[in-house]
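For reference, the structure is listed below as structure tokens.
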Amino acid sequence: MTDQTANSIPARKWSRFKYPDSLYKYGTLLIVLVFLGYSFHFLNIDITRLFGALGRLMGVVSDRYYPPDLEYVLDKGYLAAILDTLQMSFLGGFAGVCIAIPLAWFSAANVSPARALFPVGRLGVIFCRAIHETIWTILFVSILGFGMLAGVSALTMFCIGFAGKLFADEIEAIEIGPVEAMRAAGANPFQVFLFAVVPQVRVAFTGIAIYTWDVAFRAATVVGFFGGGGMGWYLKRNVQQLENLRVAAIILSIIAMVLIAEFLSGYLRSAVNRAK
């Protein structure tokens with residue numbers, strides 16, 4: 001190709017739209033704007049009143065929740081509740097990951113050991129994902145009573161659905177060549193999974209397991225609010241008693257613990273990624 005021919009070819013401008021200069025792009029934007037406008041009208045949302053409420057929020061927080069009662073969160077009973085929340089999230093996350101791995105294996109279409117196990121694994125993961133952790137907590141509290149056993153059970157079901165979906169996606173994205181080679185050599189389904197699938201997904205599984213614990217710790221405070229114990233139980237009790245200064249201190253402690261868990265899980269995930 002000569003320089004003259006190359007210069008005669010018009011430069012193409014990248015666009016996410018297939019037809020950037022057509023009416024499809026502008027029609028889509030118009031539909032979105034019309035839908036948003038109709039939604040505001042249907043819900044009777046007053047934008048000016050909303051911004052006014054946000055402006056008064058700081059005044060309400062400073063009047064009712066300041067200064068926070070930090071001595072309350074340094075009490076031995078509350079520190080023990082923090083430890084309970086950590087234990088609850090760890091146990092629920094560990095049990096959920098252990099159960100999610102075989103379910104993900106069953107629900108992965110490319111390496112499922114048997115056709116009859118595929119719907120079992122897929123429905124099991126979908127069933128756990130379809131129900132929110134608060135509903136699981138209410139269900140287990142009604143069966144097992146208040147306490148950490150109900151909280152751990154609820155977090156286990158939550159983690160099965162959360163980790164199982166991610167595990168199954170990783171398994172379905174593997175290179176199928178080693179799997180077919182193991183099958184051709186006469187390996188049984190468990191040997192195929194152990195020696196052809198696990199080496200390809202072990203790093204990703206480790207990162208997903210760490211992320212699952214991170215999410216489980218965030219959910220543990222909500223689970224405790226509905227009867228699972230831990231920091232959430234203290235938060236619920238003080239909210240019901242209108243102890244606003246203690247509520248502010250508990251919220252600050254929850255934020256601090258979530259930040260620590262986020263930093264720790266992020267560090268561990270980065271270490272796992274460096275090990276690839």
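Starting from 1, each residue takes its place in the sequence as its number. All values below were derived from every heavy atom in this structure, side-chain atoms included, with hydrogens, water molecules and symmetry-related copies excluded.
- Listed by first then second residue, pairs satisfying ring-ring contact (aromatic ring centres under 6.0 Å, His included) with a partner in residues 154-190 read Phe162-Tyr211, Phe167-Phe205, not counting sequence neighbours.
- Taken together through direct or relayed side-chain contacts under 4.5 Å among Ile, Leu, Val, Met, Phe, Trp and Tyr, Val125 and Val120 form parts of separate hydrophobic clusters.
- Shortest non-hydrogen contact noted between Gly145 and Ala150 is O-CB, 3.5 Å.
- Side-chain heavy atoms closer than 4.5 Å link hydrophobic residues (I, L, V, M, F, W, Y) into clusters, and following such links, possibly through other members, connects Ile251 to Val258.
- We find the CG-CE distance between Leu194 and Met182 to be 8.5 Å, quoted to the nearest 0.5 Å.
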Let me check something: any side-chain donor-acceptor pairs from residues 217-227 under 3.5 Å, sequence neighbours excluded? List them with distances.
unit_1, atom_1, unit_2, atom_2, d
Arg218, NE, Asp214, OD1, 3.4
Arg218, NH2, Glu262, OE1, 2.3
Thr221, OG1, Arg218, O, 2.9

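- One hydrophobic cluster, built from ILVMFWY side chains closer than 4.5 Å, cannot hold both Leu29 and Ile31; they sit in different ones.
- Taking CD from Gln240 and CG from Leu235, the interatomic distance works out to 10.0 Å, rounded to the nearest 0.5 Å.
- Annotation: the span from Leu117 atom CG to Leu103 atom CG amounts to 10.0 Å, rounded to 0.5 Å.
- Of the inter-residue distances, the one linking Leu86 atom CG with Leu91 atom CG reads 11.0 Å to the nearest 0.5 angstrom.
- Pairs passing the ring-ring contact (aromatic ring centres under 6.0 Å, His included) check and including a residue from residues 82-103, sequence neighbours excluded, do not occur.
- Contact between Cys128 and Met157 at its shortest, heavy atoms only, is CB-O, 3.3 Å.
- With Glu170 contributing its side chain and Leu166 its backbone, the two residues share no donor-acceptor pair below 3.5 Å.
- Under a hydrophobic clustering in which Ile, Leu, Val, Met, Phe, Trp and Tyr are joined whenever their side-chain heavy atoms come within less than 4.5 Å, directly or via other members, Val215 and Ile254 fall into different clusters.
- For Pro119, there are no side-chain contact (heavy atoms from CB on, under 4.5 Å) partners, not counting sequence neighbours.
- Residues satisfying the salt bridge (charged side-chain N to carboxylate O under 4.0 Å, His left out) test with Asp84, not counting sequence neighbours, are none.
- For the side-chain hydrogen bond (donor to acceptor under 3.5 Å, both in side chains) test, residues two or more places apart in sequence or in another chain that qualify with Asp169 are Lys165.
- Remark: Glu180 pairs with no residue by the salt bridge (charged side-chain N to carboxylate O under 4.0 Å, His left out) rule, at least two apart or across chains.
- Placement of Leu149 and Met88 in two distinct hydrophobic clusters is found when ILVMFWY residues are connected by side-chain heavy-atom separations under 4.5 Å, directly or transitively.
- Residues meeting the ring-ring contact (aromatic ring centres under 6.0 Å, His included) test with Phe106, sequence neighbours left out: none.
- No cation-pi contact links Arg115 to Phe118, judged by a cut-off of 6.0 Å to the six-membered ring centre and 45° from its axis.
- Annotation: side-chain hydrogen bond (donor to acceptor under 3.5 Å, both in side chains) contacts involving residues 128-138, sequence neighbours excluded, comprise His132-Thr134.
- If you take CE on Met148 and CG on Leu155, they are separated by 9.5 Å, rounding to the nearest 0.5 Å.
- The minimum heavy-atom distance between Ala109 and Glu172, with the atom names listed, is N-OE2, 3.1 Å.
- At least one side-chain heavy atom of Leu264 sits less than 4.5 Å from a side-chain heavy atom of Trp213.
- For Arg183, the salt bridge (charged side-chain N to carboxylate O under 4.0 Å, His left out) test picks out no residue, with sequence neighbours left out.
- Nearest heavy-atom pair across Gly96 and Cys159 is CA-CB, 3.9 Å.
- Ala168 and Ala108 make their closest contact through O-CB, 4.4 Å (heavy atoms, listed as atom of the first residue, atom of the second, distance).
- The distance from the CD1 atom of Ile176 to the CD atom of Gln200 is 8.5 Å, given to the nearest 0.5 Å.
- Between Ile131 and Leu139 there is no side-chain heavy-atom pair separated by less than 4.5 Å.
- The side-chain hydrogen bond (donor to acceptor under 3.5 Å, both in side chains) pairs that include a residue from residues 93-111 number zero, where partners must be two or more places apart or lie in different chains.
- The side-chain hydrogen bond (donor to acceptor under 3.5 Å, both in side chains) pairs that include a residue from residues 153-163 number zero, where partners must be two or more places apart or lie in different chains.
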